[in-house]
Engineer: 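Supplied in structure tokens, the structure appears directly below.
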Amino acid sequence: MDTFALIVTIGVALGFTYTNGFHDSANAIATSVSTRALTPRAALAMAAVMNLAGAFLGSGVAKTVSEGIIETPHGDKGMWILFAALIGAIVWNLITWYFGLPSSSSHALFGGMVGAALAGGIGVIWSGVVDKIVIPMFLSPLVGLIAGYLVMCAIMWMFRKSNPHKAKRGFRIAQTVSAAGMALGHGLQDAQKTMGIVVMALVISDVQSADAPIPVWVKVACAVMLSAGTYAGGWRIMRTLGRKIIELDPPQGFAAETTGAGIMFTTAFMFHAPISTTHVITSAIMGVGATKRVNAVRWGVAKNIILGWFITMPAAALVAALTFWIVNLALL
């Protein structure tokens with residue numbers, strides 16, 4: 001049963017990474033596609049490659065996920081707790097993708113971990129949940145909103161005497177770089193989250209020790225699945241981010257992507273905090289849009305998105321808890 005549970009859990013973890021890719025691909029490229037800086041397929045191909053590269057840039061976020069949120073469970077029960085956590089995250093990803101809601105795959109995963117742990121009687125490291133998840137959940141959108149506004153104000157001031165048409169053409173080219181940075185940050189952040197889960201599964205099965213480095217095959221598998229999911233594309237969410245919040249032009253798209261990428265790299269390398277790429281880019285788009293005029297942002301759409309952010313963790317936790325109880329009745 002140990003080997004079977006390990007194989008199933010790793011398989012589901014890679015499945016979650018795939019859904020993460022197509023659910024969150026919009027984070028990296030929606031602004032570039034909406035401003036016509038890149039064609040959809042070219043943008044997805046670029047994002048997939050940069051996701052793949054970003055996955056190999058660090059391991060701090062993976063360590064936070066594997067050691068800082070729930071206590072490491074043991075035995076078959078522990079493996080099925082991880083399985084239930086992943087199912088909770090996948091189900092919520094699919095629901096929000098269907099409705100075109102840019103929710104956080106990261107918080108769906110964390111909610112699933114907490115819900116499955118509570119259902120299985122495993123300790124939750126609440127200090128880690130608060131410090132690494134809850135506080136960044138509130139701070140990162142606020143930082144994204146303010147930073148997006150300030151970056152856009154700086155761009156408007158620097159190019160105030162430029163020919164508008166020439167400036168837009170230049171920023172359309174510059175967006176290929178900012179979109180690549182956003183996709184690289186997405187790979188850095190989100191691939192590591194699944195790596196953390198796979199490492200937990202390997203530790204539970206005594207395949208490796210908790211302090212051992214992440215195996216290369218785990219990095220490769222998670223990176224490839226995230227990239228494959230990204231290339232599949234999440235068109236429903238892309239429409240929400242690219243058009244429904246605000247009609248973006250190339251300078252605004254560049255400002256939003258640069259802001260989002262900067263925040264993701266800073267939090268990953270300095271704080272090892274697994275922040276939501278969705279929260280960061282969405283709030284950056286709002287901040288950038290507010291420089292035009294406050295009511296240029298469709299705040300009704302923004303309100304629905306933010307409501308989805310708050311629902312994500314408890315909803316995924318509930319699905320994960322129900323999944324564990326079903327597995328517990330059937331197999332344990």
Engineer: Once salt bridge (charged side-chain N to carboxylate O under 4.0 Å, His left out) is applied, what residue pairs with a partner in residues 273-283 remain, sequence neighbours excluded?
Structural biologist: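 Sorted result for residues 273-283: empty, none.
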Engineer: Aromatic rings Phe83 and Trp80: how do their planes relate, parallel, tilted or perpendicular, breaks at 30° and 60°?
Structural biologist: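 The arrangement is perpendicular - the two ring planes meet at more than 60°.
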Engineer: Is there a donor-acceptor pair closer than 3.5 Å between any side-chain N or O of Thr258 and the backbone N or O of Ala255?
Structural biologist: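 No, Thr258 side chain to Ala255 backbone: no donor-acceptor pair under 3.5 Å.
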Engineer: Going by heavy atoms in the side chains, are Val114 and Trp126 under 4.5 Å from each other?
Structural biologist: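 Touching, per the 4.5 Å side-chain cut-off.
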Engineer: Can you say whether the rings of Phe22 and Trp97 are parallel (under 30°), tilted (30 to 60°) or perpendicular (over 60°)?
Structural biologist: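 The rings of Phe22 and Trp97 stand perpendicular, inter-plane angle above 60°.
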Engineer: Ser106 and Ile275: side-chain contact (heavy atoms from CB on, under 4.5 Å), yes or no, with the steps?
Structural biologist: CA-CA 7 Å; Ser106 305; Ile275 65 165; over 6 Å; no
Engineer: Can you find a heavy atom in the side chain of Ile204 that is under 4.5 Å from one in the side chain of Pro73?
Structural biologist: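 The answer is yes, as the side chains (C-beta and beyond) meet within the 4.5 Å cut-off.
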Engineer: Looking only at atom types and distance, does a side-chain atom of Thr9 sit under 3.5 Å from a main-chain N or O of Leu6, one as donor and one as acceptor?
Structural biologist: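 No, Thr9 side chain to Leu6 backbone: no donor-acceptor pair under 3.5 Å.
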Engineer: With distance as the sole test, does Thr17 use its side chain to make a donor-acceptor pair with the main-chain N or O of Cys222 at under 3.5 Å?
Structural biologist: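 No, the answer is negative, given that no donor and acceptor are paired below the 3.5 Å cut-off.
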Engineer: Hey, do the aromatic rings of His279 and Trp309 have their centres closer than 6.0 Å?
Structural biologist: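 Between Trp309 and His279, which both carry aromatic rings, the centre distance is below 6.0 Å.
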Engineer: Go through Met50 and His186 one step at a time and tell me if the side-chain contact (heavy atoms from CB on, under 4.5 Å) criterion holds.
Structural biologist: CA-CA 9 Å; Met50 298 308 286; His186 179 221; over 6 Å; no
Engineer: Please answer whether the main-chain N or O of Val65 pairs with a side-chain N or O of Lys132 as donor and acceptor at a distance below 3.5 Å.
Structural biologist: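 Pair absent, no side-chain N/O of Lys132 close to backbone of Val65.
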Engineer: Has Thr64 got a side-chain atom pairing as donor or acceptor with Gly60's backbone, closer than 3.5 angstrom?
Structural biologist: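 Here the side-chain-to-backbone pair exists.
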Engineer: Could you tell me if Arg172 sits above the aromatic ring of Phe254, with its cationic atom closer than 6.0 Å to the ring centre and no more than 45 degrees from the axis?
Structural biologist: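 Here Arg172 fails the 6.0 Å and 45° test against Phe254.
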Engineer: Are any non-hydrogen side-chain atoms of Leu57 and Leu184 less than 4.5 angstrom apart?
Structural biologist: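 Answer yes - side chains close enough.
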Engineer: For residues Leu82 and Ile197, report the shortest heavy-atom separation together with the two atoms involved.
Structural biologist: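 Residues Leu82 and Ile197, closest heavy atoms: CD1-O, 3.9 Å.
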Engineer: Between Thr277 and Gln189, do the side chains contain a donor N or O and an acceptor N or O under 3.5 Å apart?
Structural biologist: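 Their side chains do not contain a donor-acceptor pair, so the 3.5 Å distance test is not met.
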Engineer: Taking C-beta and beyond as the side chain, do Leu226 and Thr194 meet within less than 4.5 Å on heavy atoms?
Structural biologist: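 Contact flag for Leu226/Thr194 side chains = no.
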Engineer: Whether the side chain of Glu257 engages the backbone of Gly181 through a donor-acceptor N/O pair (distance < 3.5 Å, no angle test) should be reported.
Structural biologist: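 Side chain of Glu257 to backbone of Gly181: no pair is present.
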Engineer: Taking the side chain as every heavy atom from C-beta outward, state whether Ser103 and Trp92 have any pair of such atoms under 4.5 Å apart.
Structural biologist: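 Yes; the side chains approach each other to less than 4.5 Å.
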Engineer: Under 3.5 Å, side chain of Lys168 to main-chain N/O of Asp249, donor-acceptor pair present?
Structural biologist: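 Looks like no, no N/O pair under 3.5 Å.
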Engineer: Kindly indicate, with the supporting measurements, whether the criterion side chain to side chain donor-acceptor pair (under 3.5 Å) is fulfilled by Thr35 and Gln175.
Structural biologist: CA-CA 9 Å; Thr35 61; Gln175 267 198 278; 2.5 Å; yes
Engineer: How about Ile87 and Phe16: do any of their side-chain heavy atoms sit closer than 4.5 Å?
Structural biologist: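 A side-chain contact under 4.5 Å is absent here.
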Engineer: Using ring centroids (six-membered ring only for Trp), state whether Tyr231 and Tyr18 fall under 6.0 Å.
Structural biologist: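 No, the ring of Tyr18 stays outside the 6.0 Å limit from the ring of Tyr231, centre to centre.
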Engineer: Should Lys63 and His272 count as side-chain neighbours, where that means a heavy-atom distance under 4.5 Å?
Structural biologist: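 A side-chain contact under 4.5 Å is absent here.
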Engineer: Between Ser205 (side chain) and Leu202 (backbone), is there a donor-acceptor pair under 3.5 Å?
Structural biologist: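 No, because the side chain of Ser205 does not come within donor-acceptor range (under 3.5 Å) of the backbone of Leu202.
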Engineer: State, with a plain yes or no, whether a side-chain heavy atom of Ile70 is found less than 4.5 Å away from one of Met200.
Structural biologist: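 The answer is yes, as the side chains (C-beta and beyond) meet within the 4.5 Å cut-off.
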Engineer: Linking Ile, Leu, Val, Met, Phe, Trp and Tyr through side-chain heavy atoms less than 4.5 Å apart, which residues share a cluster with Leu150?
Structural biologist: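 When side chains under 4.5 Å apart are linked, the cluster holding Leu150 also contains Leu142, Ile146, Tyr149.
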Engineer: Who pairs with Ser227 by side chain to side chain donor-acceptor pair (under 3.5 Å), at least two apart in sequence or on another chain?
Structural biologist: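 Testing Ser227 for side chain to side chain donor-acceptor pair (under 3.5 Å), a comparison that skips the adjacent residues, returns none.
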